[in-house]
Amino acid sequence: MEKKKIGFELLIFEDETELSQNERKLLRNAMDARENAYAPYSKFKVGAAVLLENGQVVIGNNQENASYPSGLCAERVAVFQAGAKYPGVAITSIAISASPSQHEEAVPAAPCGNCRQSIIEYEQKQKSPISIILGSEKGPIYKCVSVADILPLAFNSSFLKDS
Ligand code: THU
């Protein structure tokens, strides 16, 4: 039996002033998008901003529904819109911002499992990493250099192929 430890490097910034100018702008786009989220049921607003290789930014926010499971997370609204609007253009990074928590020791909200799976699809397709920036106006900002880091052993299209 072999034991394998899987880990990743999480970059932690004290606040947005420590980010590069582009990252800071992208995070601001996510925070702005968050304000227009349609979240009347959970009251938990999330915004996302996707930066593409061609310099375009595509935003998304969570869209809820009276039939709860019919709603969609901010991240998927953003990446699916990017795929529809700019097909085949690689994604460089995605910034995600949930409403700041009132807790003293707040850490940034991270994407749900479904969103990680949706984003990794594009990472695998484009064969280049998509970095993830998580944060809000308050508390630290987290950065992962690749979605694969936060979704180890991900399901992917290779499993669908005939052996
Ligand atoms: N939500 C997101 O938009 N992104 C996530 O990664 C986690 C959760 C949304 C879905 C729902 O509208 C609300 O937050 C509460 O779960």
Side-chain angles (χ1 to χ4, degrees), residues 6-13 15-16 19 22-52 56-86 90-126 128-157:
I6 301 175
F8 76 100
E9 219 159 63
L10 177 68
L11 310 180
I12 303 175
F13 303 88
D15 58 46
E16 59 178 299
L19 296 174
N22 280 347
E23 289 171 335
R24 197 172 172 178
K25 241 171 79 186
L26 197 67
L27 185 59
R28 281 275 147 195
N29 290 147
M31 291 184 211
D32 290 345
R34 188 188 71 209
E35 293 316 302
N36 296 321
Y38 177 61
Y41 305 106
S42 73
K43 309 261 191 302
F44 185 76
K45 292 185 167 189
V46 185
V50 168
L51 175 64
L52 299 170
Q56 294 291 330
V57 172
V58 178
I59 56 120
N61 43 35
N62 51 331
Q63 298 294 320
E64 296 187 347
N65 193 282
S67 170
Y68 295 175
S70 300
L72 200 62
C73 292
E75 296 90 324
R76 275 176 287 165
V77 170
V79 293
F80 292 163
Q81 189 181 186
K85 213 166 167 194
Y86 301 101
I91 297 172
T92 307
S93 53
I94 177 166
I96 302 160
S97 182
S99 310
S101 160
Q102 301 313 315
H103 300 293
E104 265 313 305
E105 314 264 304
V107 296
C112 76
N114 278 319
C115 287
R116 294 177 198 204
Q117 181 67 35
S118 294
I119 303 167
I120 209 167
E121 175 77 18
Y122 295 98
E123 188 167 272
Q124 284 166 349
K125 181 168 157 259
Q126 69 190 39
S128 62
I130 298 173
S131 64
I132 305 198
I133 299 155
L134 309 170
S136 69
E137 294 83 342
K138 271 176 56 187
I141 292 160
Y142 286 2
K143 178 178 172 183
C144 315
V145 296
S146 162
V147 189
D149 283 347
I150 55 168
L151 192 61
L153 304 182
F155 185 81
N156 63 65
S157 60

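For ligands, and for the atoms within them, numbers begin at 1 and follow the listed sequence.
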message: Would you say atom 16 (O) of ligand 1 makes contact with the protein, given that contact here means a non-hydrogen protein atom less than 4.0 Å away?
response: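 Given the 4.0 Å cut-off, atom 16 (O) of ligand 1 does not count as touching protein heavy atoms.
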- prompt: CE of Met31 to CD1 of Ile96: how many Å apart, nearest 0.5 Å?
  reply: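 Answer rounded to 0.5 Å: 12.5 Å.
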- prompt: Side chain, backbone, both or neither: which part of Ser42 has a heavy atom under 4.0 Å from ligand 1?
  reply: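 Answer for Ser42: side chain.
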Region of Glu75 that comes within reach of ligand 1 [heavy atoms, distance under 4.0 Å]: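 Looking at Glu75 and ligand 1, just side chain atoms fall under 4.0 Å.
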task: State whether the shortest distance between N or O atoms of Leu72 and N or O atoms of ligand 1 falls below 3.5 angstrom.
output: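 Not met; the criterion fails.
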message: I'd like to check whether Cys112 has a polar contact with ligand 1, where a contact means an N/O of the residue lying under 3.5 Å from an N/O of the ligand.
response: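 Yes.
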Suppose we measure from [atom] to each protein heavy atom; which comes out shortest, and what is that distance?
| atom | value |
| --- | --- |
| atom 12 (O) of ligand 1 | Glu64 OE2, 2.5 Å |
| atom 9 (C) of ligand 1 | Asn62 ND2, 3.5 Å |
| atom 14 (O) of ligand 1 | Phe44 CD2, 3.3 Å |
| atom 3 (O) of ligand 1 | Ala74 N, 2.9 Å |
| atom 8 (C) of ligand 1 | Cys73 SG, 3.9 Å |

field: Pairs where residues 130-145 contributes a residue and the test salt bridge (Lys or Arg N to Asp or Glu O under 4.0 Å) is met, not counting sequence neighbours
entry: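 Checked against salt bridge (Lys or Arg N to Asp or Glu O under 4.0 Å) - neighbours excluded - the pairs reaching residues 130-145 are Glu23-Lys143, Arg34-Glu137.
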message: If the test is side-chain contact (heavy atoms from CB on, under 4.5 Å), which one of Val107, Ile133, Ile150, Ile132 qualifies with Tyr142?
response: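 For Tyr142, the side-chain contact (heavy atoms from CB on, under 4.5 Å) test succeeds with only one of Val107, Ile133, Ile150, Ile132, which is Val107.
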field: Those residues that, when tested against Leu72, pass side chain to side chain contact (heavy atoms under 4.5 Å, CB included) (two or more places apart)
entry: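 Residues passing side chain to side chain contact (heavy atoms under 4.5 Å, CB included) with Leu72: Arg76, Val77, Phe80.
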- prompt: For Gln117, does the CD atom sit with more than 12 other heavy atoms under 6.0 Å from it, leaving out its own atoms?
  reply: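 Result for CD/Gln117: enclosed.
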message: Is it the case that over 12 heavy atoms from other parts of the model lie below 6.0 angstrom from the CD1 atom of Ile6?
response: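 Correct, the count exceeds 12.
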Sub-4.0 Å heavy-atom contact, Pro111 with ligand 1: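 Yes; Pro111 lies near enough to ligand 1 that a heavy-atom distance drops under 4.0 Å.
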Side-chain touch Arg116/Asn114, heavy atoms, less than 4.5 angstrom: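 No, their side chains stay 4.5 Å or more apart.
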task: Go through Asn65 and Gln63 one step at a time and tell me if the side-chain hydrogen bond (donor to acceptor under 3.5 Å, both in side chains) criterion holds.
output: CA-CA 7 Å; Asn65 193 282; Gln63 298 294 320; over 6 Å; no
